[in-house]
Amino acid sequence: VELVAWLTELMHCAQPLVAHAGVRLTLRCSLTAHVAAIHPSYLERLLWNLLSNAVKYTQEGGSIALVVQELAKTRPSYASVAFTITDDGMGMSPEFVERIFDPFERSEEVSIARIQGTGLGMSITKALIDAMGGIVEVDSEKGRGSSFRVTLELRVVSSADACPPLEVVPE
């Protein structure tokens with residue numbers, strides 16, 4: 001699966017979720033080569049989990065960005081690609097960030113208790129990242145939002161110009 005086309009489709013699929021929540025979602029891409037998504041169903045699931053969490057924890061009128069960057073060629077025909085999802089939502093305490101990937105872990109904050117979830121999405125996301133040989137980094141501050149950066153090694157399928165920006169906004 002060619003990554004840029006796949007990301008464009010993901011953004012279109014996210015439009016109803018984003019529109020319903022009243023948040024703005026943007027995609028910024030800076031790939032210098034066409035890369036193929038390894039295990040596209042894994043990548044779809046982990047990005048969908050991160051995007052849907054960002055939507056859940058971002059107030060109406062807020063914004064979410066998915067930034068895709070090619071970091072470096074790692075070996076012939078492969079590139080390291082970072083997927084960063086950043087929101088200006090509720091954010092998390094440092095203590096919760098330490099536990100976020102544990103199964104059934106949910107914040108005990110009163111403001112978050114109303115948001116539905118089982119606490120499994122992030123542990124599943126981490127398992128998918130691990131299965132793909134990737135790494136995940138989390139940066140968050142209460143009241144200022146969160147940033148999740150997933151770095152994966154992907155196969156280069158051809159040379160190309162940088163992928164075009166695509167933006168999905170609520171109607």
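Computed from a predicted model, the values in this text were never measured in an experiment. Heavy atoms only: backbone and side chains are in, while hydrogens, waters and symmetry mates are out.
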* Using atom types as modelled and distance alone, determine if a side-chain donor or acceptor of Asp87 lies under 3.5 Å from a backbone N or O of Gly145. => no
* Begin from the C-alpha positions of Phe148 and Ile100 and carry the test side-chain contact (heavy atoms from CB on, under 4.5 Å) through to its verdict. => CA-CA 11 Å; Phe148 289 81; Ile100 192 166; 3.8 Å; yes
* **Closest approach of Arg24 to Thr26 (non-hydrogen atoms, all atoms of both residues)** => NE-CG2, 3.7 Å
* Structure fact -> Value for CD1 (Ile124) from OH (Tyr42), rounded to nearest 0.5 Å, stands at 12.5 Å
* Asked: For the atom pair NZ (Lys73) and CD (Glu153), what is the distance rounded to the nearest 0.5 Å?
  -> 11.5 Å
* Of all heavy-atom pairs between Gly121 and Asn49, which one has the smallest distance, and what is that distance? -> O-ND2, 3.2 Å
* **Set of salt bridge (charged side-chain N to carboxylate O under 4.0 Å, His left out) partners for Asp130, sequence neighbours left out** => Lys126
* Asked: Is there a donor-acceptor contact under 3.5 Å from the side chain of Asp88 to the main chain of Ser63?
  -> yes
* Asked: Out of Leu50, Val150, Leu120, which one pairs with Thr125 under the side chain to side chain contact (heavy atoms under 4.5 Å, CB included) rule?
  -> Leu50
* Asked: Same cluster or not: are Ile135 and Ile85 linked, directly or through other Ile, Leu, Val, Met, Phe, Trp or Tyr residues, by side-chain heavy atoms under 4.5 angstrom apart?
  -> no
* Distance-minimising heavy-atom pair for Gly91 and Ser146 -> CA-OG, 3.7 Å
* Structure fact -> Closest non-hydrogen contact found for Ser147 with Thr84 is OG-CG2, 3.4 Å
* **Close side-chain approach of Cys13 to Glu9, heavy-atom, < 4.5 Å** => yes
* Under a 4.5 Å side-chain heavy-atom rule over Ile, Leu, Val, Met, Phe, Trp and Tyr, are Tyr78 and Leu71 clustered together? -> no
* Co-membership, hydrophobic cluster, residues Val67 and Leu51, 4.5 Å side-chain -> no
* Asked: Checking Thr58 side chain against Val55 main chain: does a donor-acceptor pair fall under 3.5 Å?
  -> no
* How many angstroms lie between CD1 in Ile64 and CG in Leu27, if you round to the nearest 0.5 Å? -> 13.0 Å
* Below 4.5 Å, heavy atoms only, C-beta onward: do Val138 and Met92 meet side chain to side chain? -> yes
* Asked: How long is the gap from CG on Leu46 to CE on Met122, to the nearest 0.5 Å?
  -> 9.5 Å
* Value rounded to 0.5 Å, distance of CG in Leu7 from CG in Leu47 -> 7.0 Å
* Listed by chain and number, what are the ring pair (Phe, Tyr, Trp, His ring centres under 6.0 Å) partners of Phe83, not counting sequence neighbours? -> none
* Taking a hydrophobic cluster as the set of Ile, Leu, Val, Met, Phe, Trp and Tyr residues connected by side-chain heavy atoms closer than 4.5 Å, whether directly or through intermediates, do Leu25 and Leu17 fall within one such cluster? -> yes
* Asked: Looking at OG of Ser30 and CD of Gln69, how far apart are the two atoms once the value is rounded to the nearest 0.5 Å?
  -> 5.0 Å
* Report the C-alpha separation of Val81 and Leu152 in whole Å, then their side-chain angles, then the decisive distance to 0.1 Å, and conclude whether the side-chain contact (heavy atoms from CB on, under 4.5 Å) test is met. => CA-CA 5 Å; Val81 177; Leu152 301 169; 5.6 Å; no
* To do: Begin with the C-alpha distance, continue with both residues' side-chain angles, and end with the deciding distance and a verdict on side-chain contact (heavy atoms from CB on, under 4.5 Å) for Trp6 and Glu44.
  => CA-CA 9 Å; Trp6 180 85; Glu44 177 179 10; 3.3 Å; yes
